There are 2 protein chains.
Amino acid sequence: MKDGPDISRVAALIGDPGRANMLAALMSGKALTAGELAAEAGVSAQTASAHLQGLEAGKLISRARQGRHHYFKLASDDVAGVLEALMGLAAKTGQLRTRTGPRDAELRLARVCYNHLAGDLGVALFDGMMARGFLHVKADQLGLTAAGYKKMAALGIPVEGKSRAPLCRECLDWSERRSHLAGRLGRSILDHVYAQGWAKRVEGSRAVRFTGLGGTAFRTAFEF
Amino acid sequence: MKDGPDISRVAALIGDPGRANMLAALMSGKALTAGELAAEAGVSAQTASAHLQGLEAGKLISRARQGRHHYFKLASDDVAGVLEALMGLAAKTGQLRTRTGPRDAELRLARVCYNHLAGDLGVALFDGMMARGFLHVKADQLGLTAAGYKKMAALGIPVEGKSRAPLCRECLDWSERRSHLAGRLGRSILDHVYAQGWAKRVEGSRAVRFTGLGGTAFRTAFEF
DNA sequence: CACATAGTTCGCTCCAAATCGAAGCATTAA
DNA sequence: TTAATGCTTCGATTTGGAGCGAACTATGTG
């Protein structure tokens with residue numbers, strides 16, 4: 001029964017280890033060059049070039065030429081969503097690539113998911129904002145309440161924006177198997193966390209490391 | 001950065017057209033035999049056998065032996081979730097397998113998603129139940145309200161169950177790109193729809209065809 | 001028992017795609 | 001200008017795995 005969209009093309013693109021590594025690297029939200037992605041995937045530049053063409057043709061990534069560099073990023077949040085969903089399933093079916101180690105624990109606590117905060121802290125933030133009445137679900141749409149808008153203004157976090165992307169979105173965690181906050185607001189909050197110096201990205205990883213004071217300040221600011 | 005679970009194994013399993021067709025067929029929620037799945041995928045019995053072994057080893061499907069028949073079904077709702085997510089992405093990136101035709105329209109209106117109702121009607125049902133206050137979201141968990149429990153009891157729809165699966169779950173539609181009701185309640189409601197004779201499955205498709213009276217009765221019963 | 005059906009295993013062929021060496025553009029630096 | 005860097009294209013090789021014919025096992029039926 002050839003119903004619905006063709007899954008297999010997209011899945012096949014993700015199904016190659018090299019391309020999957022590239023996509024995983026792009027989950028950080030940062031745009032990476034072809035060379036960097038080749039290193040991530042552990043393949044030669046020529047091979048990477050071919051793979052990147054495929055991913056671009058399949059509309060999973062987009063390319064921006066800047067001088068002699070080609071910067072790639074995920075084509076949309078939907079792609080990131082599918083990748084996280086696949087990670088969740090892969091984790092559940094026991095296909096963990098690495099045994100749980102110290103690095104894994106750090107990832108579980110706080111990490112970047114595309115462009116917003118995921119992990120223990122991301123889930124706690126989401127739950128806290130729901131409990132405090134800053135977020136609500138209405139007609140199946142996640143949104144800021146009046147109190148939420150007020151709070152964001154008080155913290156100096158921008159909520160307006162020209163982009164047509166939704167302000168609030170839920171995103172499922174592969175480590176927690178619970179939702180955390182994505183969308184434009186999720187991105188703004190993570191930017192705020194960086195700007196306040198509460199946390200920094202760990203070099204060469206998706207982990208986000210909070211300072212002792214930063215963690216406290218973060219929880220205080222968002223009241224959770 | 002080899003962080004997180006290994007996506008590519010799972011994706012590669014879904015990435016073969018034959019296996020993808022099998023999985024799509026299993027989205028109906030019905031357990032199918034190896035032979036039926038071979039026909040779905042358009043391959044010989046031997047090839048199908050090999051594919052089914054792979055999918056089973058990858059924990060995407062589970063097998064139940066009954067006499068000389070082997071019945072297969074999706075291993076978990078998470079698998080169904082990933083498949084729907086992939087369908088959503090594939091539809092968005094324009095990888096539609098078939099041009100929109102009469103069959104497509106029927107699918108868009110009402111279809112089976114794993115074991116519950118999806119499509120226009122599924123989304124409308126979900127929205128209606130939220131609007132009527134039968135469903136609510138609390139601490140990021142979708143659930144029945146007191147009014148909802150009362151309504152289900154009045155309609156004779158069972159809500160208790162020994163299974164540990166959640167009673168209510170949201171599930172994203174690939175055609176509507178909105179949520180509809182999944183989980184044990186979603187299944188119970190679809191069972192009720194069949195039992196009342198309001199609708200029937202279309203042979204050899206995931207479409208659900210409502211009778212004129214059935215459609216009206218369905219909307220009346222759930223007040224949307 | 002023989003016979004039919006459902007599914008698997010074995011052996012083989014074949015092809016798509018992953019890979020890289022070498023060469024070719026394009027951009028920036030000296 | 002020449003040289004260096006980043007990326008792509010071309011050409012050739014290799015291989016994983018998808019596919020099927022044939023034979024085998026297991027279950028059910030007459």
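Numbered from 1 within each chain, the chains take letters A, B, ... in sequence-line order. All figures in this text were calculated on a predicted structure; none of them were measured in a lab.
- Where Ala12(A) and Gln46(A) each meet DNA chain C at their nearest nucleotide, the meeting point lying more 5' is that of Ala12(A).
- If you check every strand for non-hydrogen atoms under 4.0 Å, Arg65(A) touches nothing.
- Partners of Arg63(B) according to the side-chain hydrogen bond (donor to acceptor under 3.5 Å, both in side chains) rule, which considers only residues two or more places apart in sequence or in another chain, are Glu56(B), His70(B).
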Tell me, with the steps shown, if Val208(B) and Leu121(B) meet side chain to side chain contact (heavy atoms under 4.5 Å, CB included).
CA-CA 10 Å; Val208(B) 173; Leu121(B) 265 177; over 6 Å; no

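- In 5' to 3' order, the nucleotides of DNA chain D bounding all contacts with chain B (an atom under 4.0 Å from a heavy atom) are dA18(D) to dG28(D).
- Nucleotides of DNA chain D nearest to His69(A) and Gln53(A) differ in position, and the one nearer the 5' end is that of His69(A).
- Residue pairs meeting the salt bridge (charged side-chain N to carboxylate O under 4.0 Å, His left out) criterion with at least one member in residues 10-23 of chain B, sequence neighbours excluded, do not occur.
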Criterion side chain to side chain contact (heavy atoms under 4.5 Å, CB included) on Tyr71(A) and Leu32(A), from CA distance to verdict:
CA-CA 5 Å; Tyr71(A) 287 94; Leu32(A) 299 174; over 6 Å; no

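- Overall, the helix from dC1(C)-dG30(D) to dA30(C)-dT1(D) carries an axis bend of 10° between its ends, with five pairs at each end and the value rounded to 10°.
- Between the CG atom in Leu23(B) and the CG atom in Leu86(B) there is a gap of 10.0 Å [rounded to 0.5 Å].
- Across all strands, Ala34(A) comes closer than 4.0 Å only to sugar-phosphate atoms, never to a base (heavy-atom distances).
- Between the C1' atom of dG24(C) and the CZ atom of Arg68(A) lies a distance of 16 Å, rounded to the nearest Å.
- Phosphate proximity of dT19(C) to Thr47(A): absent, as no side-chain N or O sits under 4.0 Å from OP1 or OP2.
- There is no side-chain donor-acceptor pair under 3.5 Å between Gln46(A) and Ser49(A).
- Ser62(B) meets the side-chain hydrogen bond (donor to acceptor under 3.5 Å, both in side chains) test with no other residue; sequence neighbours excluded.
- Between the CG atom of Leu52(B) and the P atom of dA6(C) there is a distance of 15 Å, given to the nearest Å.
- For residues 191-200 of chain A, the set of pairs meeting the side chain to side chain donor-acceptor pair (under 3.5 Å) definition, not counting sequence neighbours, is empty.
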